[in-house]
Amino acid sequence: MTPNDISSRMQENDDGNKMTDSSKNLSKLRQRAMKRITESHRDYRNMSQDDIRRLIDESHIYEIELELQNEELRDAQLRLDVSLKKYTDLYDFAPVAYLTICDKGHILEANLAASTLLAKERSKLVNSQLTKFITDEDQDTFYLYRKNVTGGTMAKSPCELQMQTSDGSRFYASLNCIPVADCDNRPSHLRIAITNSTERRQATARVEEARKSTVEEQTRELRAVNRKLLQEIAEHERADQKIKLFCHLIDQSNDAIITADPDTGRLIDFNQCACRMLGYSKQELAALTIHDIHTKLPKQSYETDDIENAEKHGSTFLKTNYKRKDGTVCPVELSSRHVSISTGEYVIEIARDTTQFQKLHDQRNRAERLAVLGEFSASVAHEIRNPLAAIELRLSNLAAALHITPEDNGDYDHILTAIENAKHIIDEILNFAKPAPPDFRNAQITTIIDGNLGMLAARLRDCNVSVVRNYMPQTRPVYVDYSHFMQIFSNIIFNALAAMPDGGNLSITTKERKQFLLVEINDTGTGIGEDGKELIFDPFYTTKPDGTGLGLAIVSRLLEANHSTIKVESMVEKGTTFTISIPFADVQ
């Protein structure tokens, strides 16, 4: 059988059947097979009968195999049709709007939800531009989102924008896009899922509004509670401040205050002065009794005479002696009182070291003298200031009328200088007589010293004075008036410069001594004699020809106002050291 014969037979079979779409495809397949047989040039006429029978048998087998494959293909086609219908239904009737757009932005496919969402028939929706349904203000947002998706950058979150229906109604939408690649694996289409997020946004807004309302209400309640708590805290703080102030006053008292048990005489409490007066630490005093520190009163006398007298008269007063830790005797004036409170009965002793009495008496007399002198000085300063101001004004008017300037007339210049010096002296007198009340703050003394040195840097260079700072690491602040101490250090440094006319060294050292910070200011100047050391803090005492004698007097007044003290050590032609003792803030 030749290829032409096989072709003729196949043609006859085809002519006997009705052509359908599938049979047309089969006919095309046969034509291709015939063409391949023709091209192979195989001559079937020279084949033997056995070869022909074998070929026929193989053809029958191939035919059966093809029929079996056709049946499997038809079954697969049926299953595909069922699956296609199912997924088509899922696509068409999905509650989420699905669209497929081309790279030009035209809608290629749309489901019913998309048609409903955009209020346009699906047949009219296809081939429409998707951007027609996006508001003008969100066109750029969609463009950038689409560019990122098609460029291979997958968005981490949906694209949120406003869309509009065919009738112009607006709604908020959430778009999720995925690219669809063509046969060359290049993005050619976009599949888009659109969700109407208007209700979600509105619900979120309502929730946010409710949350804000709740937060505001809770905030108001919390503020009310907070105000009440702050008031209570303020009251507690005021009470604590009063207690701290009371404890501070007791602890910083110049008198020794001791509390003891009236039955055993055991020391219960005591202040810093008691420790200093007796030479014991707090831990050591806590292990003693009242009888261990007395030298005059025996135990029986103390328990009977003094206690009974205190109970009868409320208190007793006597002069006695305290015995210090080193065995020396300290004469004291003792005031003893027996008190009974809710926590028990106690004996309170207030002792004053009489060895300091004369010193305190002298200090009091000096203070009274200085106060009188200050008032007098202030009065005189005020009486001088007004005429001096009048003289300066008249002199200025006269100079203006006569066209006199300090450069033209030396006498006029001398008069102006004298007036300025007089005004400076008056200011110093008033500053001494009535210094500004201290404004206490926590401060680092080294900061104040460095501030002074910075302002006086040029003066120090001109005087050929070298400054040496020996500061210890200061962690505890002092409680002082900043401006007062700026003036204190300024006056002392000016005195040191005056004592070193040919230059020298100025050393400033800080040390910590228990509750006090010590500042030592040492110069290598001319020094002060023994007589001068007793008078340098008195007003109007000076060894400088152009000095007012108020610099160190003002220093003494300001240190006293800041609960601080000063002492001086000096040797003629060797130099002078001023030592300022400042209590730390936590022991004020």
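Note that these values count all heavy atoms, side chains included, but never hydrogens, waters or copies made by symmetry.
For F440 and H563, the ring centers are positioned less than 6.0 Å apart.
With rounding to the nearest 0.5 angstrom, the SG atom of C273 is 8.0 Å from the CD1 atom of I257. Distance check: I521 CD1 to I508 CD1 gives 5.5 Å after rounding to the nearest 0.5 Å. For the atom pair CG of L559 and OG1 of T565, the computed distance is 7.5 Å after rounding to the nearest 0.5 Å. Rounding to the nearest 0.5 Å places CD1 of I250 at 10.0 Å from CG of L245. To the nearest 0.5 Å, atoms CG (L80) and CG (L73) are separated by 10.0 Å. For the atom pair CG (L118) and CD1 (I194), the distance works out to 5.5 Å, reported to the nearest 0.5 Å.
Considering only heavy atoms from C-beta on, N176 stays 4.5 Å or farther from I192 through its side chain. Using a 4.5 Å cut-off on side-chain heavy atoms (C-beta onward), R74 and L78 make no contact. Side-chain contact between L66 and Q69: present, with at least one pair of heavy atoms (C-beta onward) separated by less than 4.5 Å. Looking at I582 and I580, their side chains come closer than 4.5 Å, going by heavy atoms from C-beta outward. The side-chain heavy atoms of V149 and I178, taken from C-beta on, include no pair separated by under 4.5 Å. Side-chain contact check for V465 versus N505: every heavy-atom pair is 4.5 Å or farther apart. A heavy-atom distance below 4.5 Å is not found between the side chains of I566 and I488. The side-chain heavy atoms of L125 and F133, taken from C-beta on, include a pair separated by under 4.5 Å.
R191 is linked by a salt bridge (charged side-chain N to carboxylate O under 4.0 Å, His left out) to nothing, counting only residues two or more places apart in sequence or in another chain. Considering only residues two or more places apart in sequence or on other chains, Y346 meets the side chain to side chain donor-acceptor pair (under 3.5 Å) condition with T343. Taking S466 as the reference, nothing meets the side chain to side chain donor-acceptor pair (under 3.5 Å) condition, with sequence neighbours excluded. By the salt bridge (charged side-chain N to carboxylate O under 4.0 Å, His left out) test, R276 pairs with no residue at all, sequence neighbours left out. Annotation: salt bridge (charged side-chain N to carboxylate O under 4.0 Å, His left out) contacts of R211 (sequence neighbours excluded): E208. By the side chain to side chain donor-acceptor pair (under 3.5 Å) test, E512 is found to be paired with R476, residues two or more places apart in sequence or in another chain being considered. Scored by the salt bridge (charged side-chain N to carboxylate O under 4.0 Å, His left out) test, R459 finds no partners at all (sequence neighbours excluded).
Residue S174 comes nearest to E160 through the heavy atom pair OG-OE2, 3.2 Å, listed as atom of the first residue, atom of the second, then distance. In terms of heavy atoms, M163 sits closest to A173 at SD-CB, 3.6 Å. Across every non-hydrogen atom of A119 and T165, the tightest pair is CB-CB, 3.9 Å. Minimum heavy-atom separation, C275 to F270: SG-CD1, 4.2 Å. Of all non-hydrogen atoms in A193 and Y98, the two that sit nearest each other are CB-CE2, 3.7 Å. Smallest separation of non-hydrogen atoms from C102 and H189: CA-CD2, 4.3 Å.
Open room surrounds OH on Y172; 12 or fewer heavy atoms of other groups in view lie less than 6.0 Å from it. Surrounding CD of E65 are more than 12 heavy atoms belonging to other residues, nucleotides or ligands, all under 6.0 Å away. Around the OH atom of Y143, the shell of radius 6.0 Å holds no more than 12 heavy atoms that belong to other residues, nucleotides or ligands.
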Using side-chain contact (heavy atoms from CB on, under 4.5 Å), reason through K242 and F246 one step at a time and then give a plain yes or no.
CA-CA 6 Å; K242 289 181 179 178; F246 180 71; over 6 Å; no

Trace of the side-chain hydrogen bond (donor to acceptor under 3.5 Å, both in side chains) decision for N522 with T577:
CA-CA 4 Å; N522 173 262; T577 300; 2.6 Å; yes

Step-by-step side-chain contact (heavy atoms from CB on, under 4.5 Å) determination, I445 to L517:
CA-CA 9 Å; I445 282 296; L517 175 69; 3.7 Å; yes

Might you work through the side-chain contact (heavy atoms from CB on, under 4.5 Å) test for I493 and L453, ending with a clear yes or no?
CA-CA 9 Å; I493 293 172; L453 294 174; 3.9 Å; yes

Report the C-alpha distance between L497 and L460 in whole Å, list the side-chain angles of each, state the deciding distance to 0.1 Å, and finish with yes or no for side-chain contact (heavy atoms from CB on, under 4.5 Å).
CA-CA 8 Å; L497 294 178; L460 290 166; 3.5 Å; yes

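Using modelled atom types, no side-chain atom of R146 and backbone atom of T141 make a donor-acceptor pair closer than 3.5 Å. T214 places a side-chain N or O within 3.5 Å of a backbone atom of A210 that can act as its donor or acceptor partner. Under a 3.5 Å cut-off, the side chain of D138 and the backbone N or O of Q162 do form a donor-acceptor pair. S281 places a side-chain N or O within 3.5 Å of a backbone atom of E284 that can act as its donor or acceptor partner. With hydrogens and angles ignored, the 3.5 Å screen pairs no side-chain donor or acceptor of N491 with any backbone N or O of V555. Under the 3.5 Å distance criterion, the side-chain polar atoms of S197 are left unmatched by any main-chain donor or acceptor of R201. When atom types are taken as modelled, the side chain of T100 and the backbone of E109 share no donor-acceptor pair closer than 3.5 angstrom.
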What pairs of donor and acceptor atoms, side-chain ones from residues 218-227 against any protein atom, are under 3.5 angstrom apart with sequence neighbours left out?
| unit_1 | atom_1 | unit_2 | atom_2 | d |
| --- | --- | --- | --- | --- |
| T219 | OG1 | V215 | O | 2.5 |

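Evaluation of the salt bridge (Lys or Arg N to Asp or Glu O under 4.0 Å) test over residues 170-179, restricted to residues two or more places apart or in two chains, returns E137-R170. For residues 125-134, the side-chain hydrogen bond (donor to acceptor under 3.5 Å, both in side chains) pairs, not counting sequence neighbours, are H106-Q129. Identified under the side-chain hydrogen bond (donor to acceptor under 3.5 Å, both in side chains) test for residues 440-456, with sequence neighbours left out: D439-R441, Q444-Q474, D450-R469, D450-Y471. Residue pairs satisfying the side-chain hydrogen bond (donor to acceptor under 3.5 Å, both in side chains) criterion with at least one member in residues 116-126, sequence neighbours excluded, are listed as follows: D92-R122.
For N562 and S564, the side-chain atoms include no donor-acceptor pair closer than 3.5 Å. No side-chain N or O of T259 forms a donor-acceptor pair with one of D269 less than 3.5 Å apart. Q272 and Q515 are linked by a side-chain donor-acceptor pair at a separation below 3.5 angstrom, with hydrogens and angles left out of the test.
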